[in-house]
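Numbers for residues simply follow the sequence, beginning at 1.
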Amino acid sequence: MHLPSREKAVVSEFTQTIRKYRDQAPLAFARLLGVAFECTVGTGESRADKLERAHIRGLEVRQQLMAAEGGSWSSEEVARLLQISKTAVLKRLAAGRLLAWREERLQAARFPRWQFDKHGQVLNGLEDVLAILQQDERLDAWGRILFFLQEKPSLGDRRPLDLLRQGKLKEVRLAAQAYAQRT
């Protein structure tokens, strides 16, 4: 790429810094770079800059959701866990009986581990709650994942996932109905 010498120097400095901190998670590094930029340049942000920062924050939240409660499994791993075929796992996903997000790079489904109990079975009541959440077409996989992992004031600041694990399906169903109606 042909750049004026001053711009080449800036690119060179950035490249050295990126290489120096290569071990950082890309989104964490991007966030830190944004913080450094804001501290240096100031907050005279344009609308586009604000939207970009919001987008980055959204990506960070997704990373947190992906890692929550032990991360995720591939469809092959879930098939082994449930002792069914990968096709059967994907059919359950398509039918709304399992929860997963799509890895954009690989076009593969990733299944949060927390939806399975310690015996490797789907949490009791999960399918019922997913059916309620799926009644709202605007609610995507991330919105459904967020429902389970976020503390709810209506549940005494407890997470629906924790209540589901305790067998309190009625409370979780009511919270799911309210959540689906508010989105």
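- Taking 4.5 Å as the limit, every side-chain heavy atom of Q181 sits out of range of all side-chain heavy atoms of D136.
- Residues D128 and V172 are not in side-chain contact: their nearest non-hydrogen atoms beyond the backbone lie 4.5 Å or more apart.
- To the nearest 0.5 Å, atoms CD (Q115) and CG (L98) are separated by 5.0 Å.
- Of all non-hydrogen atoms in L82 and G120, the two that sit nearest each other are CD2-O, 3.3 Å.
- For the atom pair CG of L126 and CG of L169, the computed distance is 10.0 Å after rounding to the nearest 0.5 Å.
- Closest non-hydrogen pair, A141 versus A100, comes out as CB-O, 3.2 Å.
- Considering CG of L163 and NZ of K170, their distance stands at 14.0 Å, rounded to 0.5 Å.
- For the pair T87 and K91, the minimum side-chain heavy-atom distance is below 4.5 Å.
- The two atoms that bring S72 and E77 nearest to each other are O-OE1, 4.5 Å, heavy atoms only.
- Contact between G70 and R113 at its shortest, heavy atoms only, is O-CD, 3.0 Å.
- A ring-ring contact (aromatic ring centres under 6.0 Å, His included) with W73 holds for exactly one of W101, F111, F116, W114; it is F116.
- Annotation: side chain of R92 is in contact with side chain of I84 (closest heavy-atom distance under 4.5 Å).
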Could you check L146 against Y179 for side chain to side chain contact (heavy atoms under 4.5 Å, CB included), going step by step and ending with a plain yes or no?
-> CA-CA 10 Å; L146 189 59; Y179 186 79; 4.0 Å; yes

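- Residue K86 places its NZ atom among 12 or fewer non-hydrogen atoms of other residues, nucleotides or ligands, all under 6.0 Å distant.
- The CZ atom of R110 lies 13.5 Å from the CG atom of L99; values are rounded to the nearest 0.5 Å.
- Here the rule is side-chain contact (heavy atoms from CB on, under 4.5 Å) with I145, and of F148, W142, F147 only W142 fits it.
- Sparse packing is recorded around CG of N124, with 12 or fewer heavy atoms of other residues, nucleotides or ligands lying under 6.0 Å away.
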When you look at K152 and E171, which way does the side chain to side chain contact (heavy atoms under 4.5 Å, CB included) test go after all the steps?
-> CA-CA 11 Å; K152 306 274 182 267; E171 290 179 59; over 6 Å; no

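- For the residue pair D117 and H119, the shortest heavy atom distance occurs at OD1-N, 2.8 Å.
- The main-chain N or O of A131 is never found under 3.5 Å from a side-chain atom of Q134 such that the two would form a donor-acceptor pair.
- Linking Ile, Leu, Val, Met, Phe, Trp and Tyr whenever their side-chain heavy atoms come within less than 4.5 Å leaves L139 and I132 in two separate clusters.
- The two residues V129 and A176 have their closest heavy-atom pair at CG1-CB, 3.8 Å.
- Expressed to the nearest 0.5 Å, how far CG of D157 lies from CD of Q150 amounts to 11.0 Å.
- Looking only at side-chain heavy atoms (C-beta outward), E69 and P112 stay at 4.5 Å or farther from each other.
- At a threshold of 4.5 Å between non-hydrogen side-chain atoms, the residues L130 and R97 do not count as touching.
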